[in-house]
> 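First the structure, then my questions, so here it is.
Labels below follow one simple rule: chain letters A, B, ... track the order of the sequence lines, proteins then strands, and each chain is numbered from 1. Quantities reported herein were computed from a predicted structural model and do not represent experimental measurements.
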Amino acid sequence: MSATAKSPWIIHYDASSCNGCDIEVLACLTPLYDVERFGIINTGNPKHADIFLVTGSVNERNGSVLQQIYSQMPEPKVVIACGVCACTGGIFRECYNTLGGIDKAIPVDVYAPGCAVRPEAIIDAVVVGLGVLEQKRVSLASGTLEEASLPSRLTAADKMVADQTVRASALAETIG
Amino acid sequence: MGQRTVIPFGPQHPVLPEPVHLDLIIEDEKVIEAIPQLGFVHRGLEKLVQKKDYTAFVAVTERICGICSFGHSLGYSQTIEVLMSIEVPRRAEFLRVIWHELSRVHSHLLWLGLLADGFGYENLFMQCWRLRERVLDIFEATTGGRVILSACNVGGVNQDIFDEDLRGIVRVLDGMRGEFGELSKTFFRDRSVQNRLGGVGYLSKEEAQDLCIVGPFARASGVEEDIRSYGYGGYSALASFEPITSKRGDGYARCEVRAREVLQSMDIIAELVDKIPDTPLMTSVKGAPGADSIAVSRLEQPRGECFYYAKGNGTKYLERFRIRTPTSQNIAGMTKTLQGCDLADVPLNVLTIDPCISCTER
């Protein structure tokens, strides 16, 4: 097992979750479950992260944010969908602003069900994800890892950057 | 005068558990203006009332927000009970308040932890969250869920808590008091905490009233407003209720108000456990809300006043359901406190209002 799989760093993003799964993700990091003793560290920077924990479903606005964070993470990387909303859209599947599970925006490696997902299920999913991470590392080293293509149905990540630049310059103009 | 720059803050930011985007217009190190952008968590669940009937919709309201989940199911049930003139059994009202106050304890402990994390006090963060797990254990023992409780329903509550278990809850809370006292000592006596929070994000009483700020955010600025003092539901049985306020109006005051509210909630639970009557738990609910019937109700969530509106149309499906959440009020105050603050204080400023974006955007 490589060093990466022994001490994976995670990044968490709330897509459009109700907070229920988010506080369970945080509960994993705090004394009762304390995954830090296994070397799992929560980071705020996508460029430092190996595992991407996403809670909640995709809507028109956050799909591009998800793709942005995903594309900033270095290979090899693993995406875990935490909670039933991230898996399929869950109870909000029928809402007008919900497009469905996060696999509509980025490729998902492990699905952790539950509403709200239990910390045990998250830890279990991370352990499964470590296996996937190791496989990907091996194929990256041998040059056979295929780069995932992000669905273009949602706004592409670089378009979002362009939008933000336009918005920032428009703001800069208004403030003089 | 320095050059003005726009710095994007969020939606993904280490200090934010939830996505919110701020365009910070800064000059040197001072924030001139903060322009919030929302919509990352919008699901559109108010419209689901037209697809799920009014009893099934309780499950959806619980998932408006995972932190105040019980409060939202309680608020929705209260509104439907007003709409259909349903009398709720007294024991159910007491149990609702007990669960709701337990939610407040867990929500405030969660926030105190996040605040400690926000100013870099990792140890305090872990200790707050360790203490919070005791409340989640009570939830799990009484309802089976840690986050989503599914205990409240239109007409009453789904589960009972036996009297000996209620006394056990009070014993657990009494045990927590001592440990929480230790934590409070760090929050209130540690000089680094005082230096970090004192004077950060000041909001005067007049500004708080002008901007219609609610909840602990308003009470920390000296506004004596707490919906619990009007005595709805089980709160009417309390001998006395005084809203906890502070006159300082800064981040330190918000921390103080929430810490004292934790102890107040424990007192409320202990008092109600002593007085709880023995009645049935559910009134059976028949029929549907009448055509053009309208009902509103209010509730004190951990983050402040929450306002519910429902309109019936004679069928099992509501015509319209609307919630005005505390954070949607408090965001105005947040942008106000951000004006003129240091760039380094922005994360702390955002944290001290205890934003719940998931409630706000639904």
> Can you tell me how far the OH atom of Y33(A) sits from the CH2 atom of W129(B), to the nearest 0.5 Å?
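Between Y33(A) OH and W129(B) CH2, I get 12.5 Å after rounding to 0.5 Å.
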> Please examine the side chains of V60(B) and F92(A), heavy atoms only from C-beta on, and report whether any two atoms are closer than 4.5 Å.
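F92(A) reaches V60(B) side chain to side chain.
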> When only heavy atoms count and the cut-off is under 4.5 Å, which of residues 42-56 of chain A reach chain B?
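So far as heavy atoms go, G44(A), P46(A) are the residues that approach chain B to under 4.5 Å.
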> Given the options R362(B), E361(B), K47(B), which has more heavy-atom pairs under 4.5 Å with chain A than any of the others?
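Option with the greatest count: K47(B).
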> Is it the backbone or the side chain of L29(A) that comes under 4.5 Å from a heavy atom of chain B, or both, or neither?
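Only the backbone of L29(A) comes within 4.5 Å of chain B.
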> Could you check which of P31(A), G89(A), S57(A) has the highest count of heavy-atom pairs closer than 4.5 Å to chain B?
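Answer, by heavy-atom pair count under 4.5 Å with chain B: P31(A).
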> State, yes or no, whether a side-chain contact exists between R130(B) and T30(A) at a heavy-atom distance under 4.5 Å.
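No, their side chains stay 4.5 Å or more apart.
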> Checking E140(B) against chain A: side chain, backbone, both or neither under 4.5 Å from a heavy atom?
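Contact with chain A involves the side chain of E140(B) alone.
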> So V65(A) and P19(B), do their side chains get closer than 4.5 Å, heavy atoms only?
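Counting from C-beta outward, P19(B) and V65(A) never come under 4.5 Å.
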> Which bit of A27(A) comes within less than 4.5 Å of chain B, counting heavy atoms only: side chain, backbone, both or neither?
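For A27(A), heavy atoms of backbone and side chain both lie under 4.5 Å from chain B.
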> Under 4.5 Å, heavy atom to heavy atom: which of residues 110-121 of chain A reach chain B? Give them by number, or say none.
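Contacts with chain B: C115(A), A116(A), R118(A), P119(A).
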> Where is the tightest heavy-atom contact between S358(B) and C18(A), given as atom of each residue plus distance?
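Heavy atoms only, the tightest pair is OG-CA, 3.2 Å.
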> Would you find more than 12 non-hydrogen atoms of other residues, nucleotides or ligands less than 6.0 Å from R93(A) atom CZ?
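Not more than 12 within 6.0 Å, no.
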> Is it the backbone or the side chain of L114(B) that comes under 4.5 Å from a heavy atom of chain A, or both, or neither?
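Side chain only.
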> So for H72(B), is it side chain, backbone, both, or neither that comes closer than 4.5 Å to the heavy atoms of chain A?
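Contact with chain A: none, neither part.
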> Below 4.5 Å from any heavy atom of chain B, which atoms of Y96(A) appear? Answer side chain, backbone, both or neither.
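For Y96(A), heavy atoms of backbone and side chain both lie under 4.5 Å from chain B.
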> Let me confirm one number: the CZ-CG distance from F125(B) to L26(A), rounded to the nearest 0.5 Å.
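So the gap between those two atoms works out to 5.5 Å.
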> Could you check whether any side-chain heavy atom of R132(B) comes within less than 4.5 Å of a side-chain heavy atom of I23(A), counting everything from C-beta outward?
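R132(B) reaches I23(A) side chain to side chain.
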> Considering only heavy atoms, which portion of L48(B) lies under 4.5 Å from any heavy atom of chain A: side chain, backbone, both, or neither?
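The side chain, not the backbone.
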> Looking at K136(A), I'd like to know if its NZ atom is crowded, meaning that more than 12 non-hydrogen atoms belonging to other residues, nucleotides or ligands lie closer than 6.0 Å.
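Atom NZ in K136(A) is crowded, with more than 12 foreign heavy atoms closer than 6.0 Å.
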> Taking side chain as everything from C-beta outward and backbone as N, CA, C, O, which of these in L131(B) sits under 4.5 Å from a heavy atom of chain A? Side chain, backbone, both or neither.
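Contact with chain A: none, neither part.
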> Tell me the closest heavy-atom pair linking C356(B) and N19(A), and the distance in Å.
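Closest approach of C356(B) to N19(A): SG-ND2, 3.6 Å.
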> Under the rule for salt bridge (Lys or Arg N to Asp or Glu O under 4.0 Å), what residues qualify as partners of R43(B), not counting sequence neighbours?
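Here no residue qualifies.
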> Taking every non-hydrogen pair under 4.5 Å, which of S16(A), C85(A), S17(A), G20(A) racks up the most with chain B?
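Among the listed options, the one with the most contacts to chain B is S16(A).
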> Where does L110(B) contact chain A at under 4.5 Å (heavy atoms): side chain, backbone, both or neither?
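Contact with chain A is through the side chain of L110(B) alone.
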> Side chain to side chain donor-acceptor pair (under 3.5 Å) with N97(A): which residues, sequence neighbours excluded?
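Result, side chain to side chain donor-acceptor pair (under 3.5 Å) vs N97(A): none returned.
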> Quick one: what part of I67(B) sits under 4.5 Å from any heavy atom of chain A, side chain, backbone, both or neither?
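Looking at I67(B), backbone and side chain both touch chain A.
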> With no hydrogens and no angle check, is any side-chain donor or acceptor of N62(A) less than 3.5 Å from a backbone partner on V41(B)?
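No, because the side chain of N62(A) does not come within donor-acceptor range (under 3.5 Å) of the backbone of V41(B).
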> Going through the checks in order, is the side-chain contact (heavy atoms from CB on, under 4.5 Å) test met by Q37(B) and R61(A)?
CA-CA 11 Å; Q37(B) 289 187 29; R61(A) 192 141 154 75; 3.4 Å; yes
